[in-house]
Amino acid sequence: MLDLDNLVAIDVHTHAEGPCGCPSWEDSRELQEGMKKYFKKEFEQPTIPEIAEYYRKRKIAVVIFTVDHEHNLGHRRYPNEEVATLANENSDIMIPFASIDPHKGKLGAREAKRLVRDFGVQGFKFHPSTQGFHPSDRMCYPLYEAIAETGKPALFHTGQTGVGSGMRGGFGIKLEYSNPMYLDAVAADFPDMPIIMAHPSFPWQEEACAVALHKPNVYIDLSGWSPKYFPPILVQYANSLLKHKVLFGSDFPAITPDRWLKDFEAIDIKPEVRPLILKENAIKLLKLRG
């Protein structure tokens with residue numbers, strides 16, 4: 001169990017794409033090399049126990065997931081069951097999410113229920129651009145219905161992505177799928193399913209703020225960017241109208257929590273809002289207090 005009182009923060013956005021040498025890593029090797037150039041840093045995918053120890057030393061709880069883009073990219077996914085099992089073995093610091101490609105239809109819906117029931121999965125991750133779908137496409141609704149039935153949140157990548165950035169044709173990955181306005185319809189049709197819009201949603205930041213402001217079940221995580229690059233309107237809304245709906249996320253291993261938190265200290269966030277973003281909003285959203 002998480003010791004919430006002793007945690008410094010809760011990172012709601014980290015990746016477990018499988019350690020080097022595993023099938024999912026080998027399938028995505030070309031993309032991984034492209035991401036290193038985009039983020040201008042060398043990083044390898046650590047194992048889940050290594051990630052747990054890294055965060056444990058920092059007293060930061062961590063939401064962890066893989067991304068299932070088997071249909072669109074043809075890459076084998078890192079099994080959700082393995083992610084959840086290893087995360088549960090480190091439940092003092094880790095919270096397992098899962099990822100199911102919505103193209104899997106009713107089979108994916110059955111999997112979602114099974115993962116929550118049998119593996120303690122606490123939420124679901126989507127990446128519309130790499131998975132190749134519009135979030136408001138009715139194809140996705142059987143899966144959303146299953147997730148809504150469990151009461152767990154759905155986390156969607158929004159905005160531009162570092163995946164495929166600078167590669168020929170963007171590796172075939174299309175940005176328009178990740179316009180946050182597509183989530184407005186999802187939030188309206190599934191009002192009891194919490195939705196997290198991941199990242200500052202460049203170039204659609206105003207759209208993201210509008211959806212989060214209009215729909216009570218929609219939140220924003222701040223992962224994938226150093227806070228020093230946050231658009232002014234995002235900082236403005238995080239400090240005011242959305243102060244209870246903004247969440248800390250790093251996008252580890254692409255960005256480390258050390259770098260993110262250091263840069264977060266330097267931006268103009270009100271003292272009373274900082275603990276909300278870093279921990280309290282996530283505790284409430286993820287229902288971590290009994």
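All values below come from the heavy atoms of this structure, side chains included, with hydrogens, waters and symmetry mates left out. These numbers were taken from a predicted model, which means no experiment stands behind them.
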So, do F264 and L278 sit near enough that their side-chain heavy atoms are less than 4.5 Å apart?
-> yes
Exactly one of K174, H157, H69 clears side chain to side chain donor-acceptor pair (under 3.5 Å) with T130, and that residue is H69
Could you grab the distance from atom OH of Y237 to atom CD of Q205, nearest 0.5 Å is fine?
-> 10.5 Å
Are I10 and I196 connected, step by step, through hydrophobic side chains (Ile, Leu, Val, Met, Phe, Trp, Tyr) whose heavy atoms are closer than 4.5 Å?
-> yes
In sequence, state the C-alpha distance, the side-chain angles, and the governing distance for V235 and I269, and then conclude on side-chain contact (heavy atoms from CB on, under 4.5 Å).
-> CA-CA 7 Å; V235 176; I269 297 291; 4.0 Å; yes
Is it true that atom CZ of R110 has more than 12 heavy atoms of other residues, nucleotides or ligands lying nearer than 6.0 Å?
-> no
Under a 4.5 Å cut-off applied to non-hydrogen side-chain atoms, are M197 and F156 in contact?
-> no
Do the side chains of V163 and Y177 join up, straight or via other hydrophobic residues, at under 4.5 Å, putting them in one cluster?
-> no
Verify, without hydrogens or angle tests, whether K215 (side chain) and A188 (backbone) share a donor-acceptor contact under 3.5 angstrom.
-> no
Can you tell me if T158 uses its side chain to pair, donor with acceptor, with the backbone of S178 under 3.5 Å?
-> no
Measure the NZ-CG distance between K152 and L286 for me, rounded to the nearest 0.5 Å.
-> 9.0 Å
Short N-O contact, E272 and K243, less than 4.0 angstrom | no
CD (E81) and CG (L86) are apart, to the nearest 0.5 Å, by 11.5 Å
Pair up each side-chain donor or acceptor in residues 136-143 with any protein partner under 3.5 Å, not counting sequence neighbours, and list the distances.
from, atom 1, to, atom 2, distance (Å)
D137, OD1, M139, N, 2.9
Y141, OH, D189, OD2, 2.5

Just by modelled atom types, is the I195 backbone N or O under 3.5 Å from a matching donor or acceptor in the N217 side chain?
-> no
Can you establish whether the number of heavy atoms outside F119 located under 6.0 Å from its atom CZ is more than 12?
-> yes
Are any side-chain N or O atoms of S226 and backbone N or O atoms of Y229, one a donor and one an acceptor, separated by less than 3.5 Å?
-> no
Can you list, pair by pair, the side-chain donor-acceptor contacts under 3.5 Å of residues 94-101, counting residues two or more places apart and other chains?
from, atom 1, to, atom 2, distance (Å)
S99, OG, D68, N, 2.9
S99, OG, K125, O, 3.0
D101, OD1, H103, N, 2.9
D101, OD1, H103, ND1, 2.7
D101, OD2, H71, N, 3.4

Would you call K262-D258 a salt bridge at under 4.0 Å N-O?
-> no
Answer whether the closest heavy-atom distance between the side chains of P102 and Q131 falls below 4.5 Å.
-> yes
Does D221 reach the main-chain N or O of L247 with its side chain, forming a donor-acceptor pair under 3.5 Å?
-> no
Provide the closest heavy-atom pair for P180 versus V211 in the form atom of the first, atom of the second, distance.
-> O-CG2, 4.1 Å
Residues, nucleotides or ligands: over 12 heavy atoms within 6.0 Å of E53 CD | yes
Taking the side chain as every heavy atom from C-beta outward, state whether I51 and I64 have any atom pair closer than 4.5 Å.
-> yes
Is the backbone of W204 close enough, under 3.5 Å, to the side chain of S201 for a donor and an acceptor to pair up by distance?
-> no
Give the cluster check for V8 versus L276: same hydrophobic cluster or not, with ILVMFWY residues linked at side-chain heavy-atom distances below 4.5 Å.
-> no
Less than 6.0 Å separating the ring centroids of F252 and Y54?
-> yes
Do the side chains of L242 and M181 join up, straight or via other hydrophobic residues, at under 4.5 Å, putting them in one cluster?
-> yes
Inter-residue atom distance E149.CD - E145.CD, 0.5 Å rounding = 9.0 Å
Mind running side-chain contact (heavy atoms from CB on, under 4.5 Å) on I173 and L73 for me, showing each step along the way?
-> CA-CA 9 Å; I173 293 165; L73 297 185; 4.3 Å; yes
Is it true that I283 and I93 fall in one hydrophobic cluster, defined by side-chain heavy atoms closer than 4.5 Å?
-> yes
Which value, rounded to the nearest 0.5 Å, describes the distance between N80 atom CG and T85 atom OG1?
-> 10.5 Å
Specify the closest pair of heavy atoms between A282 and L288, including all atoms of both residues, with the distance to one decimal.
-> O-CD1, 4.3 Å
Does a donor on one side chain sit under 3.5 Å from an acceptor on the other, for D11 and Y55?
-> yes
Report yes or no: does D263 contribute a side-chain atom to a donor-acceptor pair with the main-chain N or O of P227 at less than 3.5 Å?
-> no
R168, CZ: over 12 other non-hydrogen atoms inside 6.0 angstrom = no
Heavy-atom pair with the smallest gap, counting every atom of I60 and P257 | CD1-CB, 4.1 Å
State, yes or no, whether a side-chain contact exists between V116 and F124 at a heavy-atom distance under 4.5 Å.
-> yes
Residue of the set E82, E111, E17 for which salt bridge (charged side-chain N to carboxylate O under 4.0 Å, His left out) holds with R77 | E111
Would you say R56's side chain and D92's backbone share a donor-acceptor pair under 3.5 angstrom?
-> no
Distance (rounded to the nearest 0.5 Å) between K59 NZ and D3 CG | 9.0 Å
Donor-acceptor side-chain pairing of Y182 and E176 below 3.5 angstrom = yes
Can you find a heavy atom in the side chain of L285 that is under 4.5 Å from one in the side chain of V12?
-> no
Residue pair L222 / L234, side-chain heavy-atom distance below 4.5 Å | yes
Could you walk me through whether L261 and F248 pass side-chain contact (heavy atoms from CB on, under 4.5 Å), step by step?
-> CA-CA 9 Å; L261 291 168; F248 160 49; 4.3 Å; yes
Between H199 and H13, how do the two ring planes meet: parallel, tilted or perpendicular, split at 30° and 60°?
-> tilted
Hey, does S223 have a side-chain heavy atom less than 4.5 Å from the side chain of I255?
-> no
Test: D5 and R289 ion pair at under 4.0 Å = yes
Correct closest heavy-atom pair for P135 and V186 would be O-CG2, 3.3 Å
